[in-house]
Amino acid sequence: MSPDHILKTEIQKALSSLFGQSTDQFQLQPTNQEFEGSHTLVCFPLTKISRKNPEETAKLIGDYLVAGSGVVERFNVVKGFLNLVLKDSVWVDVFRGIYANADYGRLPDNGQEVMVEYSSPNTNKPLHLGHLRNNFLGYSVAELFKANGYKVHKVQIINDRGIHICKSMAAWKLFGNGETPENSGLKGDHLVGKYYVIFDKTYKAQISELMNNGLTEDEAGKQAPIMVMAVDMLRKWEQKDEDTVALWKMMNSWVYKGFEATYARMGVDFEKLYYESDTYLLGKEEVLKGLGKDVFFKKDDGSIWVDLTSDGLDQKVLLRSDGTSVYMTQDIGTAILRFRDFPKIAGQVYTVGNEQEYHFKVLFLILKKLGFEWAKRCFHLSYGMVDLPTGKMKSREGTVVDADELMQEMVDEAEKQTRAIGKIGDWEEKEAKELFEMIGLGALKFFLLKVDPKKRMLFDPNESIQLQGFTGPFIQYTHARIRAIVRKAESMDITVSDDDLKSIVSLEPAERDALNQLSLFETRLKEAAKEYSPAVIANYAFDLAKEYNKFYQNIPIFSEADPSKLKFRIAFSRAVADTIRKAMGLLGITVPDRM
RNA sequence: GGUCCGGUAGCUCAACUGGAUAGAGCAUCAGAUUUCUAAUCUGACGGUUCGGGGUUCGAUUCCCUGCCGGAUCACCA
């Protein structure tokens, strides 16, 4: 039972007893630091039922709670704000509940299922910084839903088909000389990406050459030999030409192997992969069905459209005049297929950048028009672009930061800084490597997740590797220090029972603050899922670590003479460490026992 | 041009959906402490919340208007 919950019940009792009517329309918020108390009741809205001014209303409720509720120690009123000080016994009881509950921070199964899509890369180049935000975000939101009692299905759609991969294929055929990941030592996705870049360079050179020969830019773009080749490959692929399909399969398999390694290091996983090459025909069928039901219309050239002007949007093409499908068509098919594969899911979450907001608005609207009632339970988890201090970062421009390289740099930096501090001199090499990995990736993940997903954010490589402040490593370090305390207690054979905790009658202010923070975990957890925002959890973890550090600074645990207090503080430390570990786990971050 | 986001301390971000004197981290300056892991803690400094109107007990938050930045409006994905 959380303190919030207890107080709300008591306040409702007070209201009906004092004013003859109750309401749940009141705000209970954290008390500002400058005032005494942990919870504040905002009394302005209550003047309607109290028919007194805010101060009097607050005082009446305060007096009632002190006299009758048994949970409020004292109170103060500032303007219309009623600041409540809870009895220490309440905090102790709250803590006993948390300590006894191994599942604290994991809400009971609610019987619902949800699907989360994330990552969904193209197969012509390696993952970059933007993908990192996508993957960490998607993974974390999936974990948040799990902790809120949902069964979660993590999936992605792999855009394995289309002109982009044909470009890499064409360049490899022309300039590859049989290069493979095995004989070059290059990671598969990087190898294919290399040829995508070669394509681009060659293409540009050919265009300018053709333009020098008098062609317009448009003509040159279409006639450039390497582009002609790529388009031809796409056509052949759709006709299932044996050689083309074989080349496509080979190069895709290189990419998949490369992606697997990247995902493994990121610590993300998927239950099921959807491939565009398997699903793109399905969308086409559904569009044709919709044409029969008058949802869509056909133009004279044979192309098929949907008219969304009555919904304030434009017309949108769904099948080209040559009968081939576009991006939207495929997404229609994939969505339908997923609800067929997982009929019990309550909804679907698409983790995709905010440049595609219009696309998803249209997609969900079309699905609704096609009569799928689940369309309203599809949600676009939209996130902002990641900028670099030097300028914008976008895959079309040359300034991409490669995901594999960045992760390695973070781990290298973690190693450099950790070795410089010199606490791991006697560690096994293997253990040390694991630690650098935890810190490097923890820093990266925390930095990308601490910002509201909707917002565009700045990734500053220099700042991100700072191991102080609002960072993952700061929290990891706090955890390691707490674990040291717990280890020491274990070596002293100190055990804690519920009776030990029960005997505590008073708390230090620093304990109360940290305990208050600890008790907020499940509230934050619900908020985070509701808002699809791991940032809520990142902030929570940071606040908890900070509060514990204050406690740690002020209270010398092992010089405590009173054995029950000593035990309480050890139990408390253990609970904080556990909660930090759980909260960070929701962000996909592991925390070390020592560092 | 239409639509949708965003604009908060020098910098990076918060502000529980309308609540108190707008908070953290970094940076800067001053201090504590050398332990239960100092990768810590305590202070100080820092604000016309882009400008201007409106709504009410009360606005960073809601409405109108102007300015700035971004995204999007393809028979690309």
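Proteins come first, then strands; the chains are lettered A, B, ... in the order of their sequence lines, and each starts at number 1. Worth saying up front: this structure is predicted, and the values here are computed from it rather than measured.
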Closest-nucleotide 5' rank along RNA chain B - winner of A:Asn122 and A:Ala480: A:Ala480

Tell me which of A:Thr31 and A:Glu276 sits closer to the 5' end of RNA chain B, going by the nucleotide each one is nearest to. A:Thr31

Do [X] and [Y] make the cut of ring centroids closer than 6.0 angstrom?
X	Y	value
A:His359	A:Tyr327	yes
A:Phe474	A:Phe542	yes
A:Tyr118	A:Phe136	no

In whole angstrom, what separates [X]'s [atom1] from [N]'s [atom2]?
X	N	atom1	atom2	answer
A:Gln29	B:U17	CD	C1'	12 Å
A:Phe446	B:C13	CZ	P	14 Å
A:Asn554	B:U42	CG	P	8 Å
A:Leu308	B:U72	CG	C1'	15 Å
A:Asp543	B:C13	CG	P	18 Å
A:His479	B:A39	NE2	C1'	16 Å
A:Ile475	B:U37	CD1	P	20 Å
A:Leu41	B:G19	CG	P	14 Å

Looking only at side-chain N and O atoms, does [X] come under 4.0 Å of OP1 or OP2 in [N]?
X	N	answer
A:Asn159	B:A77	no
A:Lys361	B:C4	no
A:Arg320	B:A77	yes
A:Arg487	B:U37	no
A:Lys550	B:U42	yes
A:Lys455	B:U12	no
A:Gln468	B:A39	no
A:Tyr327	B:A77	no

Under 4.0 Å between a Lys/Arg side-chain N and an Asp/Glu carboxylate O for A:Lys361 and A:Glu357? no

Looking at A:Lys204 and A:Asp200, does any basic side-chain N land under 4.0 Å from a carboxylate oxygen? yes

Ring-on-base stacking between [X] and [N], under 5.5 Å between centres and under 30° between planes: is it there?
X	N	value
A:Phe44	B:G58	no
A:Phe542	B:A24	no
A:Phe474	B:A39	no

Report which part of the nucleic acid [X] touches: base, sugar-phosphate, or nothing (heavy-atom distance under 4.0 Å, all strands).
X	answer
A:Val78	base
A:Gln315	nothing
A:Pro473	nothing
A:Thr471	nothing
A:Val42	base
A:Lys546	sugar-phosphate
A:Pro54	nothing
A:Lys79	sugar-phosphate
A:Met457	sugar-phosphate

Give a yes or no answer on whether the side chain of A:Asn134 reaches the backbone of A:Thr351 with a donor-acceptor pair at less than 3.5 Å. yes

Distance-only, no hydrogens or angles: does the A:Asn554 side chain make a donor-acceptor pair with backbone N or O of A:Lys550 under 3.5 Å? yes

Determine which nucleotide pairs with [N], using a 3.5 Å limit on both distances of a Watson-Crick or G-U wobble pair.
N	result
B:U72	B:G2
B:U61	none
B:G18	none

Side-chain donor or acceptor of [X] under 3.5 Å from a matching atom on the base of [N]?
X	N	answer
A:Asn83	B:A20	yes
A:Thr40	B:A20	yes
A:Glu34	B:U21	yes

Inter-nucleotide P distance (B:G66, B:C57), Å rounded: 29 Å

Evaluation steps, ring-ring contact (aromatic ring centres under 6.0 Å, His included), between A:Tyr350 and A:Phe360: CA-CA 9 Å; A:Tyr350 292 85; A:Phe360 281 101; 5.0 Å; yes

